Amino acid sequence: MLHDMYTVIGNAIRETTGTDDALLTDGGEHADLASTIAFALAKQKKQAPVKIAQDLAAELTKNPALAGVTIEAKGPYLNFIFGSAYVSEVLRAAVRPGYGNLPKKTVRVVLEHTSANPNGPLHVGHIRNSIIGDTLARAFRKAGYPLEVQYYVNDMGRQIAIVVWGFDNLDSTQIEGEKEDAHIARVYIAANQEIQKDEGITQQVNVLMQLIENGDPATVRKFRKEVSRCLDGFKVTMKDLNVAHDRFVWESDFIRNGDTERIVNKLKEMPQAREEETLALDLSEFGFENKYVIRRSDGTSVYAARDLAYHAWKGANFDRVIDVLGADHKLIGAQLQCTMKLLGERVPEIVHFEFVSLPEGSMSTRAGKFVSADDLITEIRKRAFDEVTARRPELEEETRKSIAESVGLAAIRYDIVKVSPEKSTVFDWKDALDFERQSGPYIQYAHARACSILDKVESFTECFDLETEQEIALAKQIARFPMVIDSVVTELRPHILATYARELADTFNTFYHFEPVLRSEGAVRNRRLTLVKAVQNTLKEALETLGIDAIHTM
RNA sequence: GGGCCUGUGGCUUAGCCUGGAUAGAGCGCCGGGCUUCUAACCCGGAUGUCGGGGGUUCGAAUCCCCCCAGGCCCGCCA
């Protein structure tokens, strides 16, 4: 819709001026779309931009393809203002279920996110990965892509060996009511403290790592058991966060099925291979200073080898491979991409996000320095319940509890997804527990308001002809939604959707305060009810794409 | 030491890729609005050397170079 207008107007400008780029941008407060083409043509035509803009406006107004669009020159700017037909068309589309869905695609996408090491609970840094990843996943589905979401289970790393060593050698009884992942973390932290005191333990851990690499059945069972327990804990947390994976892929499977060995053999044949005690790749010709180590001198594979095998498998089964990874993986991510390219395999696209730290410094599972996602969820639900109880004391306790869960989820997800991924953040309890403007609950509230209006009418005749400035502004905001979804998947930046949903809520709230709906009559009432229905539907679709419940009352 | 990312009112942040109309918002501050469709809201006000310096351009928060500050990375860890 907006996209169609963009194309039509862009083509008209290109045809009329003979340029390649129509220099079309958002018109902001001045227009729906605007072009700065007059500046670009000034030198070539040896005329003032203002004159060029005037001439072009006159010329374009005659173009039948642009019928219904008001074209005016404001100084050197060419402004395009869409007419009522556009607004009606937007409204007709926006009241239908699934508004914002884009045409079905055939490109199969695999998206990997979270993939935290199973050595302790998910903390507020990990869930930035989960929430960026899950929001992207929802946007991809909305954009019509067949998608599989995977969690890569690092079940054979050193940390897991340390966990297993702890269970074998320390007092590791589970405390009553203790969650599995919290239990694992406690043992992991204790084991690391022992390692600090006694270096001999490292040797015992190394032995465990060789046993797991060689597939020693007893060791495999022990590793699987603790990793599975930790994952069970993760699954509870992720369910609370409305984050879902289609498949959990175990790293050790790529050793067992021979994929790692096969890819290591291919790597050996590369001109960049350096086989001494270790097997490594020299990628210095591509700007990587350090060697990319594939195999240790004792013959065991390192993470990179298994990761290459995993990515080769993904590349063989999907058309696009996308990974969501923390900024600490930038270098190895780039080395992975470089190596995949050299192997002639499909190169993964990597979405990086910067770190979340605590006011006192970086988080560390090993040192026990972290705020767990579970603690955050518990705290925010408590706060949300108090808030709901204060506002809606008449509701049943069960209803208030349910609303509090949805509000808490919205607050957490929105607080995290709204920030651009390249910005590092410091976790702040006050900001995380905020339910006011620029928050998830604020957007939910706008949606609940729209629902409340619609609940109060039996039926109405849909009317798509808007009149007032506020009505039209709201419809034009609604019109942007499909293009926003497209931008999210094209740019792999989910915070665009967060910003959009908030702006739509802002526009609706302003409309709400200036334009009575139920208290108006006749055609005015009908068209405003239609508009409220459209905004309710768009907010619902946007919230659900953000993984937030579009609740009807709060 | 090298590489990547970030630096926008007191605080948090959008805009930067793809240069253009008075840099947009929230919190906090000041003032106003609930017998009214849900005030988790709305309206108005004060607050900005867009880290600093140079350059490109008719035009720079946006592009290029240098510098400063912070984060992350540079392992036979993952």
Side-chain angles (χ1 to χ4, degrees), chain A residues 21 23 25 27-31 34-36 38-40 42-43 49 74-77 79 115-117 119 154 156-160 209 251 277-280 287-291 293-304 306-307 326-332 334 352-355 357 362 384 387-388 390-392 407 411 418-426 428 430-431 434-446 448-457 491 493 495-496 498-499 502-503 505-506 509-510 512-520 528-529 532 553-554:
Chain A
D21 189 347
L23 298 173
T25 57
E29 62 195 289
H30 309 282
S35 171
T36 55
F39 289 107
K43 201 175 284 178
K74 264 246 177 70
Y77 298 92
N79 288 339
S115 303
N117 285 322
N119 57 352
N154 304 129
M156 50 187 307
R158 175 168 293 273
Q159 327 79 349
I160 310 309
M209 290 181 70
E251 184 181 5
E277 297 202 327
T278 62
L279 172 65
F288 297 101
E289 286 175 17
N290 60 328
K291 286 194 172 171
V293 178
I294 304 297
R295 201 187 58 205
R296 298 188 184 95
S297 54
D298 67 0
T300 58
S301 59
V302 298
Y303 174 82
R306 281 107 60 179
D307 207 24
D328 53 337
H329 286 64
K330 274 188 184 176
L331 178 61
I332 55 157
H352 286 291
F353 63 92
E354 291 289 330
F355 262 47
S357 58
S362 320
E387 198 73 28
V388 177
R391 291 164 192 279
R392 303 294 300 276
V407 166
K418 73 179 179 189
V419 183
S420 324
E422 64 271 16
K423 228 123 186 171
S424 54
T425 64
V426 177
D428 181 323
K430 187 179 149 286
D431 288 346
D434 185 11
F435 302 145
E436 300 197 334
R437 287 197 71 164
Q438 302 205 337
S439 76
Y442 168 81
I443 302 163
Q444 283 179 310
Y445 188 74
R449 257 184 171 167
C451 288
S452 171
I453 293 175
L454 296 170
D455 282 348
K456 288 185 172 61
V457 289
E491 299 177 35
R493 291 166 72 76
H495 81 283
I496 296 171
T499 304
R502 196 211 76 224
E503 285 172 351
D506 286 344
N509 279 331
T510 303
Y512 177 91
H513 282 277
F514 287 99
E515 310 274 35
V517 179
L518 297 176
R519 281 175 285 118
S520 54
R528 287 187 184 164
L529 279 167
V532 170
T553 185
M554 61 189 283

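None of these values were measured; they are calculated from a predicted model. Convention: sequence-line order gives letters A, B, ...; per-chain numbering from 1. For the numbers below, each heavy atom of this structure counts, side chains included, while hydrogens, waters and symmetry mates do not.
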### Query
Should B/rC77 form a Watson-Crick or G-U wobble pair with both distances under 3.5 Å, which nucleotide is its partner?
none
### Query
Is a side-chain N or O of A/T300 found less than 3.5 angstrom from the main chain of A/R296, in a donor-acceptor match?
no
### Message
Please tell me if A/S362 has a side-chain N or O lying less than 4.0 Å from either OP1 or OP2 of B/rG71.
### Response
no
### Query
How would you label the contact of A/D455 with the nucleic acid (heavy atoms, under 4.0 Å): base, sugar-phosphate, or nothing?
nothing
Give me the distances for all protein-to-nucleotides 5-8 of chain B N/O pairs that come in under 3.5 Å?
{"unit_1": "B/rC5", "atom_1": "O4'", "unit_2": "A/K330", "atom_2": "NZ", "d": "3.2"}
{"unit_1": "B/rC5", "atom_1": "O2'", "unit_2": "A/E354", "atom_2": "OE2", "d": "3.4"}
{"unit_1": "B/rC5", "atom_1": "O2'", "unit_2": "A/E422", "atom_2": "O", "d": "2.9"}
{"unit_1": "B/rG7", "atom_1": "OP1", "unit_2": "A/K423", "atom_2": "NZ", "d": "3.1"}

### Query
What's the closest nucleotide to the A/F39 side chain, out of B/rA21, B/rC73, B/rC58?
B/rC58
### Query
Checking all strands, does A/H352 fall into the base, sugar-phosphate, or nothing category for heavy-atom contacts under 4.0 angstrom?
nothing
#### Entry: A/E491 side-chain proximity, nearest of B/rG20, B/rC74, B/rU18
B/rU18
### Query
Under 4.0 Å between a side-chain N or O of A/R493 and OP1 or OP2 of B/rA14?
no
### Query
Do we see A/Y77 stacking on the base of B/rA21, given a limit of 5.5 Å between centres and 30° between planes?
yes
### Query
When all nucleic acid strands are considered with a 4.0 Å heavy-atom cut-off, which category describes A/I332: base, sugar-phosphate, or nothing?
base
### Message
At 4.0 Å (heavy atoms only), tell me whether A/R528 reaches a base, stays on the sugar-phosphate, or touches nothing.
### Response
nothing
### Summary
Contact string for nucleotides 22-37 of chain B, one letter per nucleotide 5' to 3', B = base within protein heavy-atom range under 4.0 Å, S = sugar-phosphate only, - = neither, reads B--BSS---------B
### Message
So, OP1 or OP2 of B/rU13: does either fall under 4.0 Å of a side-chain N or O from A/K418?
### Response
no
### Task
For A/Q444, report the nucleic acid contact type (base, sugar-phosphate, nothing); a contact means any heavy atom under 4.0 Å.
nothing
#### Entry: Base-pairing mate for B/rG44 - Watson-Crick or G-U, with both contacts under 3.5 Å
B/rC30
#### Entry: Mate of B/rC72 where both pairing distances stay under 3.5 Å, Watson-Crick or G-U
B/rG3
